[in-house]
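Remarks on the structure that follows.
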Amino acid sequence: MKADFTQNLLEWNDFHNSRALPWKGETNPYKVWLSEIILQQTRVEQGLAYYQRFIEKYPDIHYLAKAPDEEVYKLWEGLGYYSRCKNLIETARLISASHHGHFPNTYAEILKLKGIGPYTAAAIASFAFKEKRAVVDGNVQRVLSRYFGITTPVDTTEGKKLFSGIAQALIDENAPAAYNQAIMDFGATICKPRNPLCNICVQADDCEAFRNNFVNDVPVKQKVMKIKTRWLYYFIIETNDGVYIRKREEKDIWQNLHEFVLLESHEEITDPHNIFLGKLLQHQSYKILSRSDVHTQQLTHQRINGRFYRVGLTGKISLGKNYKYVKKINLHGYAFPRFINSYLEKEFY
DNA sequence: AACCCGGGGGG
DNA sequence: CCCCCAGGGTT
């Protein structure tokens, strides 16, 4: 069984895999690591430009370690899952300082690093250090569940153990890196989530799901997360040349990114400024300069709705220590969530 | 084990 | 509108 699957895969890789990516064949652990963090739960097409910008700005791990937090977040801005950026910075500084810039070179040691789990540790260990350690990502789960006809949910403890065991049994002894790269390319280009190319698949003869016609029913996933709706009313309190912003510190979406003065609700509010600005600005005189249409953004597990109000002030005020007064010209130096940036780009700048 | 964390593209 | 993406961390 293994011989067939692995042999066919590597043969396909040699003669029919034309996928070209900048990090393919890369053995520099820093570059492998960076690419893998960027690609976590992220499409290759989306991550590619980010990877190139990071490599350009931070050619090695010491450059990244020395960079100010805000600069790195700004470079990560728009990519999502911002804890990846936080862990990226922490790990870079740890390796730069404590390991003299030398990346740990075994799966077990790599796995201890922040932001690195089983998949990423296996990827770095195999690509950079040729360790025989099979990767299990969404592609691998899909390929294996179809080929072997596995209906165990992939997102359970049992499923994770099952798939990592099978993957490790299938990996090629002599070419672990090539095998790992090949199975992910195969999953991304042939054994795709929807409309897989079974008609030209070199594994089709031995594929359980194809032979029994349930290719579209695997892999099985268990978790169904309910989507909650949030209403965010942002007040851009501004003077002639500055605005007030704060960093989101709480455990919530967009942690460590910036925002304006916020009134949040679980449902729509007709005139949010009436109940809010009076209290916030006390005796200050202010003027509502504009009110945006309702903006929306659909996240995986939340639906964000909201409006943006520009509020004019004659002079500076104090909104507490959480808020910073920033000149409008310098807003570009701070990282904002997409929800805010899309407003700024269209209606503010 | 259950829940949380973004944003984009395809059907 | 729903699903998925070179997953990982926290509770």
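Quick note on labels: first sequence line is chain A, next is B, and so on, each numbered from 1.
- For A:K346 and A:Y343, the positive end is not near the middle of the six-membered ring at less than 6.0 Å and at most 45° from its axis.
- One interatomic measurement links the two molecules: CG of A:L79 to C1' of B:dC5, which rounds to 13 Å at whole-angstrom precision.
- In this model, no donor atom of one side chain and acceptor atom of the other lie less than 3.5 Å apart for A:Q255 and A:R248.
- Here the P atom of nucleotide B:dG6 and the CD atom of A:E45 are 21 Å apart, to the nearest Å.
- For the pair A:W254 CH2 and B:dG7 P, the interatomic distance rounds to 6 Å; values are reported in whole Å.
- No contact: A:G187 has no heavy atom under 4.0 Å from any strand.
- Comparing B:dC5, B:dG10, C:dG8 by their closest approach to the side chain of A:I253 singles out B:dC5.
- Per the geometry, CG belonging to A:L113 stands 18 Å off P belonging to C:dG7, to the nearest Å.
- Taking the nucleotide of DNA chain B with the nearest heavy atom to each of A:R338 and A:K226, the more 5' of the two is matched to A:K226.
- Dashed line: the shortest gap from a side-chain N or O of A:H301 to OP1 or OP2 of B:dC3 is not under 4.0 Å.
- Here B:dG11 is the nucleotide among C:dT11, C:dA6, B:dG11 with the atom lying nearest to any side-chain atom of A:N195.
- With rounding to whole Å, A:K160 atom NZ is found 13 Å from C:dG7 atom P.
- Taking atom C1' in both C:dA6 and B:dG11, one finds a spacing of 22 Å when rounded to whole Å.
- Closest to the A:K251 side chain, of the nucleotides C:dG7, C:dC4, C:dT10, is C:dT10.
- Sequence order on DNA chain C of the closest nucleotides to A:F127 and A:Q298 puts A:Q298 first from the 5' end.
- The phosphate of C:dC5 (OP1 or OP2) has no side-chain N or O of A:Q46 nearer than 4.0 angstrom.
- Within the nucleic acid shown, A:L48 has no heavy atom closer than 4.0 Å to any nucleic acid atom.
- Here, C:dC5 and B:dC5 have their C1' atoms 14 Å apart, quoted to the whole Å.
- With C:dC5, B:dG6, B:dG11 as the candidates, the nucleotide lying closest to the side chain of A:R142 is C:dC5.
- Residue contacts for A:N180: at a heavy-atom cut-off of 4.0 Å it reaches no nucleic acid atom on any strand shown.
- Remark: B:dG6 base-pairs with no nucleotide in the shown strands. Criterion, Watson-Crick or G-U wobble with two distances under 3.5 Å.
- Closest contact between the side chain of A:Q297 and the listed nucleotides C:dG8, C:dA6, B:dG7 involves B:dG7.
- Atom CG in A:D185 sits roughly 15 Å away from atom C1' in C:dC5 (whole-Å rounding).
- For B:dG6, its base sits under 3.5 Å from the side chain of A:T300 at one donor and acceptor pair at least.
- Between the side chain of A:R84 and the base of C:dA6 there is no donor-acceptor pair of N/O atoms closer than 3.5 Å.
- Among the heavy atoms of the strands lying under 4.0 Å from A:K221 are primed sugar atoms or P, OP1, OP2 only; no base atom is included.
- Taking the P atom of each, B:dG6 and C:dT11 are spaced 15 Å apart, rounded to whole Å.
- Taking every side-chain heavy atom of A:N87 into account, C:dG9 is the closest of C:dG9, B:dG7, B:dG9.
- When the P atom of C:dG7 is taken as reference, atom CD1 of A:I38 falls 13 Å away, rounded to whole Å.
- In the set B:dC4, B:dG11, C:dA6, the nucleotide with an atom closest to the side chain of A:M184 is C:dA6.
- The base of B:dG7 is not paired with the side chain of A:T42 by any donor and acceptor separated by under 3.5 Å.
- At the phosphate of C:dG7, neither OP1 nor OP2 sits under 4.0 Å from any side-chain N or O atom of A:Q40.
- In this structure, A:K223 atom NZ and B:dC5 atom C1' are separated by 11 Å, rounded to whole Å.
- Of the side-chain N and O atoms in A:Y82, one or more sit less than 4.0 angstrom from OP1 or OP2 of B:dG7.
- Which of C:dC4, C:dA6, B:dG6 sits closest to the side chain of A:Q181 comes down to C:dA6.
- Judged by closest nucleotide on DNA chain B, A:V224 is the one of A:P337 and A:V224 placed further toward the 5' end.
- Between A:W23 and the phosphate of C:dA6, there is no side-chain N or O to OP1/OP2 separation shorter than 4.0 Å.
- At a threshold of 4.0 angstrom between heavy atoms, the contacts of A:T120 are confined to the sugar-phosphate backbone, with no base atom among them.
- Look at A:D155 and A:K221 and you find no salt bridge, because none of the NZ, NE, NH1 or NH2 atoms lies under 4.0 Å from a carboxylate O.
- The closest donor-acceptor contact from the side chain of A:W23 to the backbone of A:T27 lies at 3.5 Å or more, if one exists at all.
- Comparing A:G115 and A:K24, the nucleotide of DNA chain C nearest to each residue sits closer to the 5' end for A:K24.
- When ring centroids are compared, A:H332 and A:Y349 come within the 6.0 Å threshold.
- Within the 6.0 Å centre-distance limit, the rings of A:F308 and A:H295 are counted as a close aromatic pair.
- The six-membered or imidazole ring of A:F276 lies away from that of A:Y233, with a centre-to-centre distance of 6.0 Å or more.
- The six-membered or imidazole ring of A:F336 lies near that of A:F260, with a centre-to-centre distance under 6.0 Å.
- Listed pair A:K228 / B:dC3 fails the phosphate criterion, with no side-chain N or O lying under 4.0 Å from OP1 or OP2.
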